[in-house]
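Take a look at the structure set out below.
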Amino acid sequence: MDFNHTEERMILRDMLQRFMADHYNHEARRKLIASGEAYDKNLFYKLAELGILGAMFGEENNGFGGSGFDLMVVFEELGRAGVIEPILSSCVLAGGLLAELGNDIQKTIIDDVITGTSILAFAHGEPQSRYNLNHVVTTAETDEAEIIINGTKSNVINGKQANLLLVSARENSNEYDETGISVFIVPLDSKGITCIDHHNIDGTSGARIIFDNVRIEKVARLGKIGAAFPAIETANARAILAVSSEAIGAMEAAKTLTIEYLRERKQFGVPIGSFQALQHRMADVLIEIEQARSSVINLAGHLETKRDTRERYVSATKNLVGRVGQLVAEETIQMHGGIGMTDEYALSHFVRRLTMIDHLFGDVDYHLERFITLNVA
Amino acid sequence: MDLNYTDEQQDFRTEVRTFLNKSLPIHICEKVRLGKRLTKADSKQWNKILNDQGWLATNWPKKYGGTEWDAIQRQIFEEEACLAHAPRIVPFGLTMLAPVLFAFGNEAQKQRFLPRILNGEDWWCQGYSEPDAGSDLASIKTRAELDGDHYVVNGQKTWTTLGQHANWIFCLVRTNFDVKKQAGISFLLINMETPGVTVRPIHLIDGEAEVNEVFFENVRVPIENLVGEQDKGWTYAKYLLTHERTNIAGVGFSNAALATLKHVAASIMSGGKPLNQSPYFAARMAQVEIDLMAMRTTNLRVVSAAAKGQAPGAESSMLKIKGTLIRQELSSLLRRAIGPDAMPYLPNYLDSGDNADPLNFEYAPAASPNYFNMRKLSIFGGANEIQRNIISKTILKL
Ligand SMILES: Cc1cc2nc3c(=O)[nH]c(=O)nc-3n(C[C@H](O)[C@H](O)[C@H](O)COP(=O)(O)OP(=O)(O)OC[C@H]3O[C@@H](n4cnc5c(N)ncnc54)[C@H](O)[C@@H]3O)c2cc1C
């Protein structure tokens, strides 16, 4: 056993940490969001140049990483800095799916994803589906040489910022079946697509995308007819590892801000950090963050194992990180007092992101139930 | 022991419910139901309707235009108003300043200010906290120096709720630097239109700006705006705090939030069944409902003791802690219930009077902002840690 990252990953981590500290801060992000932009294009290209996007893919796809620990190292730093750029959607979710399912021609798109010149989004969740990956009612019907897509996708991460969508749709079987779901490559500017963009409360962006008789060629299908579900589950597992790692970074950032504040804020003539009532709670915050980190390490280390083992770690991690995320968000606000509730103060970003991560890919309750089901199976 | 309401109390509940059904404007009710943002005009309209009915000042003596209801009646009114989705009554003039004026104000001040609180001419805000004086309120630094028949005020207040709407602020100011902190504070009423007063919004974590910084630069305040005696302000401030705490448990709000939560959990489907049949979510909901059922009685026990002439003492700290935890948990569960649709931030919907497309479920857009906003409950009005200190000292004698 060895709980140290490899030297390459430590170099990557230190480089990314330094870069973000020099080029990114809360004020800049606030201004950007207030201006209506979804992300900072310059920053995104710089991250691509630094190889951060490439680190999400394996060498077989011209990347230089792609394993669980690569995702962990990168996303922890992105979380610590509070990055809202479209890396999760383009490189992990949609990019991962393309790497998993695509044929050689389709996979050439990954080169553009790695350089940041192409942005992908995965249009999967639907208004009724909540966190259930198999609940797909968007349809894909074959009409001679073409496929016609109809349906509505909601909360598509960076849907509007993408140029290409990977769209899941049902070709056969019933509403909740895992079989029958395919994934198609669909340009966002295709005829029949309406895309409604919105900011999320944590500053990231999402979209509702309506497909009204959108016609695409048959070659746009990834893999075999109706057989995409296992790859969707894999991409989702990778995304859960990514946001859980991001959560660790956000927790560490919130913890650091709070410790500093406890030392420096004085009331009744003494630092509030001298009150035992707060000391003990901060100690609990630290303990829980270490637990969250261990659970993320567990998942990263099992990302490439067989499905049943992997998915137990997926649900265990998402449940634990969700619980700790809520604790850290609520406790760090509370221990700051009024300041902890202000938008201007960086803590606001970390606690909003931590809270919203529980709303991505299944929350605490969803994954508790799923963990139990997987245990019984 | 008798857990039943008397016949009169039940009749009173019916009367209140009938009035609310008839008088609460639908556009205001809809905003409150969906957690949208109220405008100043909305609040003023509802205050006027209540005042026309004679029900605005539920804690005032009749001779000043109040209802003189007892604590149980107030509780009934509060519960009904919340369930009907009536707006929260902004408390600063009605339930904070007015009791101080009744007890410590002179006749001229009562004549001048009380009617204007009732008829909506004045909107008051509370100027207690400062950047360096939060939990340690007695260390305020904003100073007022006598210059002829005026005080000259310099300093800064912060976290001033709805100060952007207010034309008057009641302030704690330092008038004596040579004595113990608590002994040098005065209670001063300041017209916010006076030159030298500047209000700056503070944007909060939920995207709104319901609090402000208020700056005072050589603000001249006539001496007749001093309440009671100079340097006795701390006594008045503490007196005010006991009134601030009368509805501290927020049982009415929690009842309404629970009703909304149950409705949402019955409407939202997850994996083919409504969320209220999902065992983990259902358990969370049941847990908070069980807490609330007990809390309601805890509250009535404390409140009815006060109704018989005992002021709620340190017990109100217990109500504050438990009451705020329950309200926060309910807001957390609503956010959780909404699922992925709790992510979009849709300020236009939250600000709009009509039902502009909320992308999805009408309850979704306010769920996360409200969850974040509710964090304030355990911070203001004496943070929950401070309430625990009070319980430890006053009740536990530790
Ligand atoms: C949304 C909002 C609205 C508000 N509206 C108003 C208003 O209208 N008018 C007004 O005057 N004020 C208002 N306040 C201010 C509020 O009363 C203060 O925020 C509160 O008193 C806490 O002070 P603080 O924020 O400076 O935190 P601090 O006092 O700095 O406290 C920081 C943390 O330390 C803890 N702490 C402090 N002392 C102790 C101790 N002795 N033992 C253990 N823990 C301790 C606190 O509990 C808290 O967790 C508002 C605040 C908020 C957030």
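Lettering of chains follows the sequences in order, A, B, ..., and the numbering in each one begins at 1. Remember, it's a predicted structure, so these values are computed and weren't measured experimentally.
- A salt bridge does not link B/D136 with A/K266: none of the charged nitrogens is closer than 4.0 Å to a carboxylate oxygen.
- Ranking B/K376, B/R336, B/R284 against chain A, the residue ahead of the rest is B/R336, based on heavy-atom pairs under 4.5 Å.
- Residue contact with chain A, scored on non-hydrogen atoms closer than 4.5 Å, involves the backbone of B/N373 exclusively.
- Interface remark: A/I372 contributes side-chain atoms only to the contact with chain B (heavy atom separation under 4.5 Å).
- When each of B/R388, B/R375, B/H203, B/Q328 is scored by its heavy-atom pairs under 4.5 Å with chain A, the top score falls to B/R375.
- Of the atoms belonging to A/R281, it is side-chain heavy atoms, and not backbone ones, that fall under 4.5 Å from chain B.
- Nearest heavy-atom pair, A/H198 versus B/P344, reported as atom, atom and distance to 0.1 Å: CE1-CG, 3.4 Å.
- Listed for the A/R352 side chain is a donor-acceptor partner under 3.5 Å among the backbone atoms of B/I205.
- Closest of all the heavy-atom pairs between A/Q267 and B/A133 is OE1-C, 4.0 Å.
- Residues A/F275 and B/N389 are not in side-chain contact: their nearest non-hydrogen atoms beyond the backbone lie 4.5 Å or more apart.
- For B/R335, the parts lying near chain A are the backbone and the side chain together; criterion is any non-hydrogen pair under 4.5 Å.
- Put simply, of B/A383, B/P347, B/A342, the one with the most heavy-atom pairs under 4.5 Å next to chain A is B/A342.
- Neither the backbone nor the side chain of A/L347 comes within less than 4.5 Å of any heavy atom in chain B.
- For the atom pair CD1 of A/I201 and CZ of B/F372, the computed distance is 5.5 Å after rounding to the nearest 0.5 Å.
- Of the atoms belonging to A/T204, not a single heavy atom falls under 4.5 Å from chain B.
- Minimum interatomic distance between A/R130 and B/A337 (heavy atoms only, all atoms of both residues): NH1-O, 2.6 Å.
- What you find for A/E369 and B/S278 is that their closest heavy atoms are OE1-OG, 3.9 Å.
- Using a 4.5 Å cut-off between heavy atoms, B/S270 contacts chain A through both its backbone and its side chain.
- With a 4.5 angstrom heavy-atom cutoff, B/F361 does not touch chain A via any of its atoms.
- For a residue to count as touching a neighbouring chain, one of its non-hydrogen atoms must lie under 4.5 Å from one of that chain's; by this rule B/I338 touches chain A with the backbone only.
- Residue A/N134 does not touch chain B at all, counting heavy-atom pairs closer than 4.5 Å.
- With a 4.5 Å cut-off on non-hydrogen atoms, A/I272 does not touch chain B at all.
- Both the backbone and the side chain of A/D365 come within contact range of chain B, each with at least one heavy atom under 4.5 Å from a heavy atom of that chain.
- No hydrogens or angles considered: nothing links the side chains of B/S332 and A/E330 as a donor-acceptor pair under 3.5 Å.
- Summarising the geometry of B/G271 relative to A/N132, their closest heavy-atom pair is N-ND2, 3.0 Å, with the distance given to 0.1 Å.
- In terms of heavy-atom proximity, A/R265 sits nearest to B/P131 at NH1-O, 2.7 Å.
- Residue contact with chain A, scored on non-hydrogen atoms closer than 4.5 Å, involves the backbone and the side chain of B/P369 alike.
- Of the two parts of A/F268, the backbone and the side chain both hold a non-hydrogen atom closer than 4.5 Å to a non-hydrogen atom of chain B.
- For the set B/L346, B/N384, B/D132, B/V211, the count of heavy-atom pairs under 4.5 angstrom toward chain A peaks at B/D132.
- Remark: B/E289 engages B/K262 in a side chain to side chain donor-acceptor pair (under 3.5 Å) (not counting sequence neighbours).
- Screening A/T342, A/D343, A/I339 for a side chain to side chain contact (heavy atoms under 4.5 Å, CB included) with B/I202, the sole residue that qualifies is A/T342.
- For A/E175, the CD atom is densely surrounded, since the number of other residues' heavy atoms within 6.0 Å is greater than 12.
- Interface remark: B/M269 contributes backbone atoms only to the contact with chain A (heavy atom separation under 4.5 Å).
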